Amino acid sequence: MSTENSIELPEGITTVTQNGLTAYRVQTSLGSGLVYEHGAHVAEWQPAGQDPVLWMSDSSDYADDKPLRGGIPICFPWFGPGRDGQHEPGHGFARLADWKLVQAEVSESGQAHLALELTGDQVADLAGFPSDFTARLDVAMGTILGLEFTVTAGGQQLDYEAALHTYFDVADIEQTMVEGLDGARYLDKVGGGEAQQEGAVNFTMETDRVYFSDSTTRIVDAARGRTLVVEKSNSANTVVWNPWVDKAARMPDFGDREWPAMCCVETVNALDNAVFLQPGESHTMGTAISIA
Ligand code: TA6
């Protein structure tokens, strides 16, 4: 279960129990959001006057030993099954652990800032990963959603992959395209092998690609008439994913008819772009999401 929160919350941030889990509800003049202690999982963000920007599955699990389906899962210290393809749990342990809220403020303009931390001693099974690291997520919620994921090595060097695995809410994936990856090399996890992106990414089948790109991307949701902008810092990979019909049907925590309503564009460091830290060193990977 969650740890008792020990910091005072400002007006605009409240502790709630949502789906049986401890979470922090943000409600200010600039919009609303929800961050679970479980996985430091940003599950909701809705700027004032806008439709929700993040997608959550109606079939998501809300259990200590399961990841949430949707929002922004933190993948750490490996991506998928890891570089050797052998690591469990998929996408690492960080999204399964209960993080601790260490900072919460709301500015005069209504921008909320929350920070949550995770240390190795809080994790039951590190699968051999050094235990004296500190991971921190800083979330800024206002007219822009900003996330900064910082890892600090303790007395041992660290070698890890990380992702902010963002699920965006779109009106119709078949009328959505992702711009900004033109010319980028990518690993095609569906068809296998590598290829080079030509023009915008369109969706006509299961799509699961690891791009070698640090570029800003734009999710053009034509059916809604909205474009989302995803800027990144210190992230050498972008992953684009939609499970489409068959894979969605195989996932118990993903509704069979939900795949048209979401698009993952993920801020990642994986494979050859894994992060190496010497003892005491830190690395911060960031993403900033806005509506064009
Ligand atoms: O980021 C895309 C991906 O690696 C896909 O291969 C798919 O497995 C997705 O992540 C979801 O993974 P999860 O472990 O959350 O079901």
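Both ligands and their constituent atoms are indexed starting at 1 by order of listing. None of the values given here were measured: they were computed from a predicted structure.
- Ion pairing between Arg250 and Asp256 fails under the 4.0 Å rule for side-chain N and carboxylate O.
- In the model, Gln46 has no side-chain atom that pairs as donor or acceptor with a side-chain atom of Glu44 under 3.5 Å.
- Using a 4.0 Å cutoff on heavy atoms, Phe79 counts as a contact of ligand 1.
- Among all protein heavy atoms, the one lying closest to atom 12 (O) of ligand 1 is His91 NE2, 3.3 Å.
- For Arg185 and Phe212, the positive end sits near the middle of the six-membered ring, less than 6.0 Å away and at most 45° from its axis.
- Closest to atom 16 (O) of ligand 1 among all protein heavy atoms lies Arg69 NH2, 2.8 Å.
- Protein heavy atom at the shortest distance from atom 4 (O) of ligand 1 is Lys189 NZ, 3.2 Å.
- A salt bridge links Arg136 and Glu117; the closest N-O separation between the charged side-chain nitrogens and carboxylate oxygens is under 4.0 Å.
- A salt bridge links Arg224 to Asp51: at least one charged side-chain nitrogen sits closer than 4.0 Å to a carboxylate oxygen.
- For ligand 1, the atoms closer than 4.0 angstrom to any heavy atom of Glu266 are 1 (O), 2 (C).
- For atom 14 (O) of ligand 1, the nearest non-hydrogen atom of the protein is Arg95 NH2, 2.9 Å.
- Counting only N and O atoms by type, the side chains of Thr216 and Lys232 include no donor and acceptor under 3.5 Å apart.
- The protein heavy atom nearest to atom 8 (O) of ligand 1 is Lys247 NZ, 3.5 Å.
- For atom 5 (C) of ligand 1, the closest non-hydrogen atom on the protein side is Asp208 OD2, 3.2 Å.
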